[in-house]
Amino acid sequence: MRLCRVALRVSEGYELLRQVLVNGLVPENAVFNKLISGFCKEKQYTRVSELLHTMIAKNRVPDNYTYQEVINWLCKKGKGLEGLRVFNDLKDRGYAPDIAMYTTMIHGLCTMGWLGEARKLWFEMIEKGFHPNEYTYNTMIHGFCKIDNFEEAKILYKEMCNKGHKETTVSYNTMMTGLCLHGRTDEAYRLFQEMHQKGIVRDLITYNTIIQGFCKEGKIVESMNLFRELLAQGLQPSTYSYTPLIQKLCQVGAVQEAKGLWNDMKNIGLEPIVGTHDYIIIGLCDQGDAAEGMEWFIEMLNSKLKPKQETLGRLVECLTQRDRLDDSLLVLEFMFRTGYALEKGVCHSLVNKLCWEDNHFVETCLGEILEGK
DNA sequence: CTAGGGTTAG
């Protein structure tokens, strides 16, 4: 919904620009930049390139901000290589990137895991007289954390502090995210406590990071405590505060608690991501509640959401065990229509049940489905 | 105001 509105606004803006141009007026760069950025987000690169050409033709030379947004969004939309090409082309044409553009490019390279290239740009930037600032340091630290190189990350962190840059919520979050990503949650939690001692504000991302980290390690009690602390701090939880908690609760068989969180989430107007439905269905199946699992499946269909293959396999298995063969077939039909395969184990339980029951009717239906009628 | 931290599942 929201995306549609944005898209609408960008194309509306574009139409306005065309009219303005027809009338012989040329808006300032900021207008072009905003549209270019908007079309980049929508991956409408034809429009982007058209706008760039218009700018040049109308004597509104694309500036730092123009290219920065192009590079930024190319990287964020998985076209980092293209981003790098644009960046290098600019340099070849004698254009001197500023520190923000270097940071953007370094960030893109780090996200792709191309630390070597990122590091090269880092030194190139320094050679050109740009000293890394808070943004650049955090970007590079993030990159090293991502590839599990905490030695380098910590060296840079120290260097950043020595150069007089303050530790911030972001710098802490960066380190903590990296640590959690590589299973070093205890270290991350130490930083979490350190933040408090140093009086550095812990924001939603701080909490979400640690909650997710603890959940991944199965420390559900600790996670729930942090979640309550988040609320007590007056922070507004996001979908991603709930997601790992619901996932883990389902996995340890506490589906009731998970559903409680689900309702809380809905009540404050948050929409769970697709995968969360899957966790609940699997959780329900694990405790043998085929009926409710089926209800959630139907609910997903009504909301035009696509459950994962694994979820449906598990549901079929559960339904079969509970002798709800009609429902089994319903789910099976959906699976085949979607192009999902039936895993061996699921097949086994189904065939077992059918043979055991000698259920000719069901067998016929199954045959029809398999033949694709 | 336009650069940095999270967010799926694999």
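The structure displayed is predicted, hence computed values, not measured ones. Note on naming: letters A, B, ... go to the chains in the order of the sequence lines (proteins, then strands), and numbering restarts at 1 for each one.
Checked by atom type, the side-chain pair Lys76(A)/Asn72(A) shows a donor-acceptor distance below 3.5 Å. A donor atom on one side chain and an acceptor atom on the other are found under 3.5 Å apart for Ser171(A) and Tyr157(A).
Ring centroids of Phe192(A) and Tyr207(A) are separated by less than 6.0 Å, placing the two rings close together. The ring of Phe87(A) has its center no closer than 6.0 angstrom to the ring center of Tyr67(A).
Here Ile205(A) lies in heavy-atom contact (under 4.0 Å) with a base. At a threshold of 4.0 angstrom between heavy atoms, the contacts of Thr243(A) with the nucleic acid are absent. Using a 4.0 Å heavy-atom distance criterion, Thr103(A) is classed as a base contact. Within 4.0 Å of Glu134(A), counting heavy atoms only, lies at least one base atom of the nucleic acid. Within the 4.0 angstrom heavy-atom criterion, no nucleotide atom of any strand lies near Lys306(A). Ser37(A) comes within 4.0 angstrom of no nucleic acid atom, judged by non-hydrogen atoms across all strands. Counting non-hydrogen atoms under 4.0 angstrom, Tyr279(A) reaches the backbone sugars and phosphates but no base.
Contact check, Asn72(A) against dA3(B): a side-chain N or O comes under 4.0 Å of OP1 or OP2. One finds no side-chain N or O of Gln247(A) lying less than 4.0 angstrom from the OP1 or OP2 phosphate oxygen of dT8(B). Distances shorter than 4.0 Å separate some side-chain N or O of Lys308(A) from OP1 or OP2 on dA9(B).
For Asn133(A), counting side-chain heavy atoms from C-beta on, the closest listed nucleotide (dA9(B), dA3(B), dG4(B)) is dA3(B). The side chain of His107(A) lies closest to dG4(B), out of dT8(B), dA3(B), dG4(B). Of the candidate nucleotides dG4(B), dT8(B), dT2(B), dG4(B) has the atom lying nearest to any side-chain atom of Val170(A). Among the nucleotides dT8(B), dG4(B), dA3(B), the one closest to the side chain of Asn138(A) is dG4(B). Among the nucleotides dA3(B), dG4(B), dA9(B), the one closest to any side-chain atom of Thr104(A) is dA3(B). The side chain of Ile99(A) has dA3(B) as its nearest neighbour among dA3(B), dT7(B), dA9(B).
Rounding to whole angstrom units, OH of residue Tyr207(A) and C1' of dT7(B) are separated by 19 Å. As rounded to whole Å, 13 Å separates atom P of dG4(B) from atom CG of Asp98(A). Note: CE (Met160(A)) to P (dA3(B)) measures 19 Å, nearest angstrom. Atom CE of Met101(A) is separated from atom P of dG4(B) by 13 Å (rounded to the nearest Å). Straight-line distance from the CZ atom of Phe144(A) to the P atom of dG4(B): 18 Å, rounded to whole Å.
In this structure, the side chain of His277(A) engages the main chain of Val274(A) through a donor-acceptor pair within 3.5 Å.
In this structure, Arg184(A) forms a cation-pi arrangement with Phe150(A), its terminal cationic atom sitting closer than 6.0 Å to the ring centre and no more than 45° off the ring axis.
Residue-nucleotide stacking is present for Tyr65(A) and dT2(B), judged by a side-chain ring centre under 5.5 Å from the six-membered base ring centre and planes under 30° apart. Lacking a ring centre under 5.5 Å from that of the base six-membered ring together with a plane angle below 30°, Tyr135(A) does not count as stacked on dG4(B).
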